[in-house]
Amino acid sequence: MKNAPQSINIDYLLEHLPGSYTTFDRENVIRAYDVAAVAHAGQKRASGEAYITHCVAVANILSEMLMQPEVVIAGLLHDTVEDTPLTLDDLSKQFGEEVAKLVNGVTKLDSLPRVSRTDRMSDEDEPEEETLTPEQISKHKRQLSNETIRKTILAMNDDVRVVLIKLADRLHNMRTLGYTKLEKQKRIAQETLDIYAQLANRLGIWQVKWELEDLAFRYVNPEKYKEIAERIAERRSVREEQISQIVQTLQTALSDVGVQAEVKGRPKHIYSIYKKMEQKGKTFDDVKDIRGVRLIVPDVPACYAALGIIHTRWRPIPNEFDDYIAAPKDNFYQSLHTAVMYEDGKPLEVQIRTPEMHQDAEYGIAAHWRYKEGSSRDAKYEQHILRLRSMMEWKEDVSDAQEFLESMKSDVFKERVYAFTPKGDAIDLPSGSTPIDFAYHVHTDIGHRCRGAKVDGKLVSLDYALKTGQNVVILTTKQGGPSRDWLNPNLGLVKTQRARAKIRAWFKKQDYEQNQNQGRQMLERELRRLGLGEINQETLARQFEYRNTDDLFVALGCGDLNISRVVSVIGEQTLDTPDSIETSRPSGIDTSGQTVAVRGLRGLLTPLAKCCNPAPGDPIIGYITRGRGASIHRQDCPNILRASVKEKERLVKVSWGDHENRYPVPIRIYAFDRQGLTSDISKLLDTEGANITNFAVHVDQDSPSADVAEFHLTIEVKSIEHLSRILSRIEAVSNVMEAQRLRGG
Ligand code: MN
């Protein structure tokens with residue numbers, strides 16, 4: 001958002017309220033501040049600041065979005081009902097129904113009891129810590145947090161403004177995340193990147209999206225963040241110089257032919273640079289020269305006029321032109337995008353838009369409330385909401401919060417592709433969608449009977465990812481239904497929740513007994529494959545809240561319960577027992593809560609030194625301590641700098657890592673040998689990020705068929721779910737008959 005000072009107070013908020021606010025509105029804002037300040041008196045943020053600073057900051061973010069007075073007031077009061085003695089009734093009497101409704105909406109999002117009401121930094125619920133293991137606590141937090149997100153997203157259907165308040169809340173929490181416990185930072189940051197930034201993007205609120213991304217990225221990948229930030233800073237003066245010259249040149253070129261334009265350099269966002277590097281496999285040096293400018297011109301004809309002038313003067317770079325005015329992006333973003341070879345021989349990216357498009361681009365759906373009712377913006381807003389609803393048709397079918405989030409990721413947060421039916425109708429799908437997804441979007445019955453597909457005249461496999469502009473013909477059988485394989489997420493045949501919901505409904509209508517048999521077979525096969533034959537199935541059924549194993553089997557058989565969910569629950573338990581996948585679990589060191597994964601020490605959990613309190617991103621060094629492993633110091637820690645020669649011998653190079661441990665697991669694969677089989681398997685393991693530490697081919701002399709090969713591999717996996725996915729993907733490789741974990745290997 002704008003460059004508000006680090007810690008803002010009520011005076012700042014009042015000075016910067018939208019110009020459209022009346023004196024009456026301003027008085028209400030002051031009154032709300034007074035009420036909130038009294039209610040939160042004595043409560044503190046993790047930063048040590050008074051709690052009210054958070055409320056003012058949230059209100060200020062909403063005011064920068066030019067939201068209505070009720071919303072800014074609700075922002076000030078958003079935590080009162082939950083964390084103070086104030087009730088909704090009080091708010092309704094003092095500030096009216098509308099404000100109370102908004103606060104209620106936000107309160108309902110995390111309506112579970114909290115333990116600690118005063119020392120709360122983020123929107124997390126804290127369970128009783130003493131009675132639970134660290135794993136249980138973190139799992140519990142994840143579940144609560146997932147449930148909050150599910151409710152947040154569902155709130156979009158009632159009043160999108162509730163979601164905007166929640167986003168403002170998260171934004172301020174991210175700005176102050178540095179004060180939170182280390183192990184919490186990464187989880188919250190990852191969730192912000194995966195969900196909240198995506199939600200802001202889907203609602204078109206670019207300002208909030210990029211700030212959330214950059215803030216989160218700092219914690220998720222501290223090393224890369226620091227590297228990019230430093231390199232940007234190195235080049236800042238050169239770049240600013242260049243940009244201001246380019247702006248001047250463009251201004252003159254345009255005004256010479258009578259086009260009025262406001263020209264500005266575009267700020268660089270660290271996360272978007274990172275993504276550009278990742279996606280195109282580029283280094284910082286490849287992207288550092290990409291400079292961007294933005295032109296704001298009075299109307300649409302002026303957009304195209306300006307584009308013409310720029311293309312005549314500088315050579316356009318092929319494939320870089322996009323007309324998002326004629327064809328707006330799926331979050332209703334509009335602009336012309338192009339890139340030209342500038343006179344210094346380096347590329348220049350140009351965006352051209354009207355002031356109205358600019359507002360929409362920065363504030364997305366939040367821009368709606370700035371205009372009078374009945375304007376053309378209303379229709380656009382309605383369209384936006386309708387589209388979101390249609391992407392979430394499945395929402396009633398999914399009550400599990402985890403699955404709900406997965407569905408948001410697969411159906412709503414993805415970019416879109418548009419593929420065509422033989423009749424020429426465009427089908428709007430999330431990217432990655434397959435022919436089966438397409439078939440179900442066209443018609444449920446076509447989905448059920450889908451057996452193959454032609455894309456642009458050519459036969460494709462059913463896991464083919466459709467691209468925009470392609471023509472799709474679905475090949476159907478006269479009768480019959482979907483295959484259970486379609487519901488196996490590891491095979492990638494169906495990517496959308498919408499199609500999955502329809503497939504499940506089909507199986508649910510099938511015979512009870514048939515589903516039960518299928519479900520039992522699925523589970524037993526999976527357990528055998530993972531070498532977990534001794535799992536108590538009764539206990540498992542109860543864990544999923546089924547009365548008995550039969551009900552569990554039926555749920556598996558009709559697709560109500562996904563086999564990979566079962567694996568993930570088993571994984572959480574088996575990792576702690578000796579009979580588990582784990583063979584070399586790192587030994588923890590007592591760290592009184594402050595633990596962090598550090599690379600260079602074979603996954604040791606390592607205490608951070610109290611003398612210098614290193615934070616992710618700081619240059620660090622490890623010091624081998626007597627009997628306690630190693631402690632982590634900042635490289636500039638006085639204790640390290642002062643270390644004697646002898647002590648210096650105990651320093652080890654370390655870097656910030658992630659929490660991922662890997663476990664070596666022996667597996668066995670039976671296959672009819674063919675050319676390229678070994679390389680197909682190793683390629684697959686590579687894309688799965690599983691190292692191979694051992695590889696041998698056994699040829700069984702007594703085997704009836706000489707063509708059968710038996711491979712013995714040891715692979716390094718992250719978890720039992722990871723192993724499960726790898727095994728089913730190996731089994732889908734042609735000629736492979738079976739892939740299994742080896743016991744006791
Ligand atoms: Mn809050």
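In listed order, ligands and their atoms are each counted from 1. Note that this is a predicted model, so its numbers are computed, not measured.
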| said: For E227, is there an ion pair with K224 - N to carboxylate O distance below 4.0 angstrom? | reply: yes

| field | Proximal heteroatom of D79 relative to the Mn ion (ligand 1) (N/O/S) | value | OD2

| query | Looking at R218 and D214, does any basic side-chain N land under 4.0 Å from a carboxylate oxygen? | reply | no

| K166/D169 salt bridge by N-O under 4.0 Å criterion | yes

| Is the distance from the Mn ion (ligand 1) to some N, O or S atom of C55 under 2.8 Å? | no

| request: Please confirm if an N, O or S atom belonging to H172, backbone or side chain, lies less than 2.8 Å from the Mn ion (ligand 1). | output: no

| What does the angle at the Mn ion (ligand 1) come to, between atom NE2 of H78 and atom NE2 of H54, rounded to 10°? | 90°

| note | The residue among V58, T53, I52 that forms side chain to side chain contact (heavy atoms under 4.5 Å, CB included) with V56 is I52

| task | Among the N/O/S atoms of D169, select the one at the shortest distance from the Mn ion (ligand 1) and name it. | result | OD1

| task | Indicate yes or no: does E230 engage K226 in a salt bridge with an N to O separation below 4.0 Å. | result | yes

